[in-house]
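All chains are named by letter (A, B, ...) in the order of the sequence lines, taking the proteins before the strands, and each is independently numbered beginning at 1.
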Amino acid sequence: MAGRGDRLARFPDRDREPMTVRTRFAPSPTGLLHIGGVRTALYCWLYARRHGGTFVLRIEDTDRERSTDAAIEVILEGMQWLGLDADEGPFYQTRRYDRYREVLADFVARGHAYHCVCSKETLDEMRAAQIARKEKPRYDGRCRHLGIQKQAGVPSVVRFKNPEDGHVVVDDAVHGKVVFANAEMDDLIIERSDGNPTYNFCVVVDDWDMKITHVIRGDDHLNNTPRQINMLKALGATPPVYAHLPMILGADGTKLSKRHGAVSVLEYQDEGYLPEALLNYLVRLGWSHGDQEIFSLKEMTAAFDIADVNKAASAFNGDKLAWVNQQHLMRADATRLGALLGERLKALGVDPAGADLVAIAEAQRERAKTLKEMAENSRFFLERPAAYDEKAAKKHLSAEAAPILERLGAALGAATDWTAPALHALLNALATELGLTLGKIAQPLRVALAGNAVSPPIDATLAILGRDEVLARLSQASAYVRAAPGAPAG
RNA sequence: GUCCCCAUCGUCUAGAGGCCUAGGACAUUACCCUUUCAAGGUAGCGACACGGGUUCGAAUCCCGUUGGGGACGCCA
């Protein structure tokens with residue numbers, strides 16, 4: 001496939017390419033940062049890191065009506081949580097208006113842009129008529145050759161004078177060459193009637209000023225690219241390399257929206273996902289490296305290449321995210337996991353003071369998909385069961401469990417070595433002595449300790465709980481069994 | 001409607017003309033392991049959208065069809 005070869009040729013190894021890579025993530029704070037944006041940010045970040053380049057963060061807040069501080073907050077906090085650290089920025093477009101006005105004036109002076117006095121009503125009519133004629137709606141350029149001067153009191157916008165003929169070739173790093181006819185494009189507004197510059201113009205000026213070498217962004221911008229290239233040409237600038245990423249769809253295969261999937265990235269933090277797990281899941285959405293599924297940050301940085309990015313959109317799958325998260329939970333540093341578990345327990349209103357959180361986390365890490373789930377499952381380590389799970393009690397704390405619990409209490413009370421291996425041996429010996437399988441004594445014990453039939457291995461559970469607590473819970477369970485209907489008297 | 005993009009199991013993907021009887025992962029089913037639940041292991045189910053070409057040979061290259069998506073804003 002020639003295309004693949006071409007793509008590789010455009011992304012040479014850093015050793016052979018002296019140019020310093022500069023990428024940017026340029027979110028708009030008109031909506032909450034969601035996983036689609038995060039994936040774009042991740043690819044930009046990875047590409048910069050992989051090539052020893054610079055990653056720039058730029059907030060595109062020129063839509064003053066809809067930009068919110070809350071959205072900016074989510075972007076900043078989200079990026080920080082994920083560890084997608086910017087080398088430069090955050091830059092805010094609203095703080096660069098002087099610069100845009102400067103370039104704008106230059107465009108007008110050099111005949112690359114012109115004032116247009118068409119009203120919104122005129123434009124609406126024009127559009128409606130074109131749609132009725134089954135044409136592509138676009139500005140017909142009626143003010144283009146009028147040489148209109150800016151006048152006080154007369155509302156006007158500034159439009160970029162797009163070339164009328166010829167073609168623009170976008171040499172995209174993921175899609176290959178995409179050709180657009182200039183005849184398809186109209187003269188876009190670059191300054192609003194209120195004097196504010198617009199997105200397509202600001203991006204061009206910023207990417208140029210910030211010396212961005214690789215523009216990695218969503219597929220939805222592919223159509224904007226030829227007009228941006230035309231503006232770049234008007235500036236006398238060399239266009240950067242473009243890489244347009246396919247979209248991430250919702251779980252049902254339709255576009256992400258507020259209805260499904262498009263939730264703030266911080267919600268994944270709340271749900272108990274590890275940042276590296278979210279990143280791992282996201283990096284594999286649209287990119288692959290052989291059959292590898294689990295990547296550390298280091299591994300994905302070393303392996304990432306735009307040449308391996310897919311062209312087709314992909315659907316978000318929560319099950320797989322959960323699995324990836326569990327894989328990272330199993331690999332994470334135990335001390336860190338213990339600290340995270342502590343925070344989660346506090347969030348549940350449980351005081352983890354004095355508990356061996358690291359030991360609990362190690363016992364739970366392979367049986368939880370999220371930190372939230374881990375905390376919920378670990379509650380019993382810190383709180384005596386207030387009630388027994390009905391099904392579990394019926395099965396394991398029935399009348400016949402009474403003698404077993406008593407023997408357990410006696411044996412554990414006399415244990416000389418309170419460690420998991422020793423306790424394991426003790427339990428095995430007791431089972432043999434009673435002529436029972438280990439399960440027959442472990443399950444009643446488990447319910448007595450955890451309140452239900454599920455817990456980490458019983459020896460580890462005993463070790464973590466400690467002798468005093470174990471004996472206390474055992475006698476509580478014995479009392480429960482004796483009080484239950486049908487229990488032998490005495 | 002016009003322009004642009006896309007198309008391999010339910011989902012994420014491998015695939016660079018013969019290595020493909022299409023591989024891996026999630027999910028799912030069964031079994032093994034086992035003190036519960038997990039984790040882990042083994043096996044099963046499951047896809048090249050369709051039609052034409054090019055070629056000795058096509059999942060792979062070309063064209064078309066169909067289907068999906070995006071853009072067409074004084075949004076970004």
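Rounded to an integer number of Å, the gap from CG of Asn182(A) to C1' of C3(B) is 13 Å. Between Trp287(A) atom CH2 and G24(B) atom P there is a gap of 20 Å when expressed in whole angstrom units. Between the CD1 atom of Ile294(A) and the P atom of C12(B) there is a distance of 17 Å, given to the nearest Å. Atom-to-atom, NZ of Lys311(A) to P of A59(B) comes out at 18 Å; the value is rounded to the nearest Å. Rounded to an integer number of Å, the gap from Asp291(A) CG to A14(B) C1' is 6 Å. Taking atom CG of Leu282(A) as the reference point, atom P of U13(B) lies 11 Å away to the nearest angstrom. Across the protein-nucleic acid pair, Asn310(A) atom CG and A16(B) atom C1' stand 14 Å apart, rounded to whole Å.
Separating the P atom of U42(B) from that of G23(B) is a span of 16 Å, rounded to the nearest Å. G17(B) sits 37 Å from U2(B) when the C1' atoms are compared, rounded to a whole Å. Comparing the P positions of C4(B) and U60(B) gives a spacing of 23 Å, expressed to the nearest Å. A22(B) and A58(B) are spaced 16 Å apart, taking the P atom of each and rounding to whole Å. Between C45(B) and C9(B), the distance separating the two C1' atoms is 10 Å to the nearest Å. For the P atoms, the distance linking C48(B) with A59(B) amounts to 11 Å, nearest Å. Straight-line distance between the C1' atoms of G15(B) and A7(B): roughly 15 Å, to the nearest whole Å. Nucleotides C12(B) and A47(B) have their P atoms positioned 16 Å apart, rounded to a whole Å.
Pair assignment for G73(B): none, as no Watson-Crick or G-U wobble contacts are both less than 3.5 Å. In this structure, U35(B) makes no Watson-Crick or G-U wobble pair, since no nucleotide meets both defining distances under 3.5 angstrom. Within the shown strands, U42(B) is the pairing partner of A30(B) under the Watson-Crick or G-U definition, both distances less than 3.5 Å. With a 3.5 Å ceiling on both atom-pair distances, the Watson-Crick or G-U wobble partner of U65(B) is A49(B). Pair assignment for A25(B): U11(B), on the basis of Watson-Crick or G-U wobble contacts that are both within less than 3.5 Å. Across all strands shown, U55(B) remains unpaired; no Watson-Crick or G-U wobble contact has both distances below 3.5 Å.
Using a 4.0 Å heavy-atom distance criterion, Glu293(A) is classed as a base contact. When heavy atoms are screened at a 4.0 angstrom cut-off, Gly286(A) is found touching the sugar-phosphate backbone but no base atom. No contact: Tyr281(A) has no heavy atom under 4.0 Å from any strand.
Residues His244(A) and Asp220(A) bring no donor and acceptor atom of their side chains to less than 3.5 Å of each other. Using modelled atom types, one finds no donor on one side chain facing an acceptor on the other under 3.5 Å when comparing Glu271(A) with Thr370(A). One side chain, His328(A) or Asn280(A), offers a donor N or O that lies under 3.5 Å from an acceptor on the other. For the residue pair Asn196(A)/Glu191(A), the side-chain donor-acceptor check at 3.5 Å is not satisfied.
Nearer the 5' end of RNA chain B, as judged by each residue's closest nucleotide, is the contact made by Leu222(A), out of Ser288(A) and Leu222(A).
The aromatic rings of Phe201(A) and Tyr100(A) lie perpendicular to each other, with more than 60° between the two planes, well past the 30° mark. The aromatic rings of Phe304(A) and Tyr43(A) lie tilted to each other, with the angle between the two planes from 30° to 60°.
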Item checked: Where protein sits on nucleotides 30-51 of chain B, one letter per nucleotide: B base, S sugar-phosphate only, - none, heavy atoms under 4.0 Å -> -----BBBBSS-----------

Margin query: Return a single string for nucleotides 64-76 of chain B, one symbol per nucleotide in 5' to 3' order, where B is base contact, S is sugar-phosphate-only contact and - is none, cutoff 4.0 angstrom on heavy atoms.
Written below: ------BSBBBSB

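With ring centers used as reference points, Tyr114(A) lies 6.0 Å or more from Phe107(A). Between His34(A) and Tyr268(A), the gap from one ring centroid to the other reaches at least 6.0 Å.
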Next item on the list: Start with the C-alpha distance between Asp209(A) and Arg96(A), add both sets of side-chain angles, then the distance that settles salt bridge (charged side-chain N to carboxylate O under 4.0 Å, His left out), and finish with yes or no.
Entry: CA-CA 11 Å; Asp209(A) 281 354; Arg96(A) 287 177 42 80; 2.8 Å; yes

Next item on the list: Determine, step by step, whether Lys177(A) and Asp172(A) satisfy the salt bridge (charged side-chain N to carboxylate O under 4.0 Å, His left out) criterion, reporting the C-alpha distance in whole Å, the side-chain angles of both residues, the deciding distance to 0.1 Å, and the verdict.
Entry: CA-CA 6 Å; Lys177(A) 287 192 199 316; Asp172(A) 194 89; over 6 Å; no

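The side chain of Lys320(A) has C12(B) as its nearest neighbour among C6(B), A14(B), C12(B).
With Tyr242(A) as the aromatic partner, Arg217(A) does not meet the cation-pi criteria of under 6.0 angstrom to the ring centre and within 45 degrees of the ring axis.
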